[in-house]
Amino acid sequence: MSLAGISLLIIAIAFAFIAIFVVKTLKAASSTMSSVSKTLEKVEGQMQGITTESESLLKKTNTIADDVQQKTQSLNGFVDSLNHMGSTMGNVNNTLQGMAESVAHASDQSDDRVAKAMRWGDAAIELYLRLKSKKTK
């Protein structure tokens, strides 16, 4: 065998080894791709479940938001009523305060009149006693 024949034999053997390794690599890649495909199918199924649950959660959130808005509007009416009631109570308080001041003023005037009447009464009694003491003497 000549040197060219040996070289061709070595090249053929090397090519056979390369072909075997390429086949093994492609089989491993095929197995990996199959595994990735199964994983992606599982992920897709989980994503569909998550999407369904997200839609359900979104509907419930919208329902709760509508309910909160309705209750807030009804509370606005209640707060307005309380505000009006506070204003009314303030008006009543002002009226009562005015009445109390009026009664106090009238009471002061009555006290002055009573004091004057008592002074006139004391003066009348004193005058009567003087006259009586003059008559008895």
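The figures that follow rest on heavy atoms only: side chains count, while hydrogens, waters and symmetry mates do not.
Thr52 places a side-chain N or O within 3.5 Å of a backbone atom of Gln48 that can act as its donor or acceptor partner. Although no hydrogens or angles enter the test, the distance criterion places no donor-acceptor pair under 3.5 Å between the side chain of Ser35 and the main chain of Ser31.
Applying the salt bridge (charged side-chain N to carboxylate O under 4.0 Å, His left out) definition to pairs two or more places apart or across chains, those involving residues 50-79 are Asp67-Lys71. Among residue pairs with one or both ends in residues 94-103, none qualify as side-chain hydrogen bond (donor to acceptor under 3.5 Å, both in side chains); sequence neighbours excluded. The list of salt bridge (charged side-chain N to carboxylate O under 4.0 Å, His left out) pairs with a residue in residues 12-31, not counting sequence neighbours, is empty. Annotation: salt bridge (charged side-chain N to carboxylate O under 4.0 Å, His left out) contacts involving residues 32-50, sequence neighbours excluded, are absent.
Under the rule for a side chain to side chain contact (heavy atoms under 4.5 Å, CB included), the partners of Leu129 that lie at least two apart in sequence or sit in another chain are Ile125. By the side chain to side chain contact (heavy atoms under 4.5 Å, CB included) test, Arg119 is found to be paired with Ala115, Lys116, residues two or more places apart in sequence or in another chain being considered.
Atom CG of Leu3 sits in a sparse spot, with 12 or fewer heavy atoms from other residues, nucleotides or ligands closer than 6.0 Å.
Chaining together hydrophobic side chains whose heavy atoms lie under 4.5 Å apart leaves Ile11 on its own. When hydrophobic side chains of Ile, Leu, Val, Met, Phe, Trp and Tyr are connected at separations under 4.5 Å, Val68 ends up clustered with Ile64. Cluster note: Val36 groups with Leu40 through ILVMFWY side-chain heavy atoms spaced under 4.5 Å, whether in direct contact or through intervening members. Its side chain within the 4.5 Å cluster rule, Phe17 clusters with Leu9, Ile13, Phe21 among the Ile, Leu, Val, Met, Phe, Trp and Tyr residues.
Annotation: the span from Ile50 atom CD1 to Leu57 atom CG amounts to 12.5 Å, rounded to 0.5 Å.
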Distance-only criterion, 3.5 Å: show the donor-acceptor pairs between side-chain atoms of residues 81-90 and protein atoms not counting sequence neighbours.
| from | atom 1 | to | atom 2 | distance (Å) |
| --- | --- | --- | --- | --- |
| Ser81 | OG | Gly77 | O | 3.0 |
| Ser87 | OG | Asn83 | O | 3.2 |
| Thr88 | OG1 | His84 | O | 2.9 |

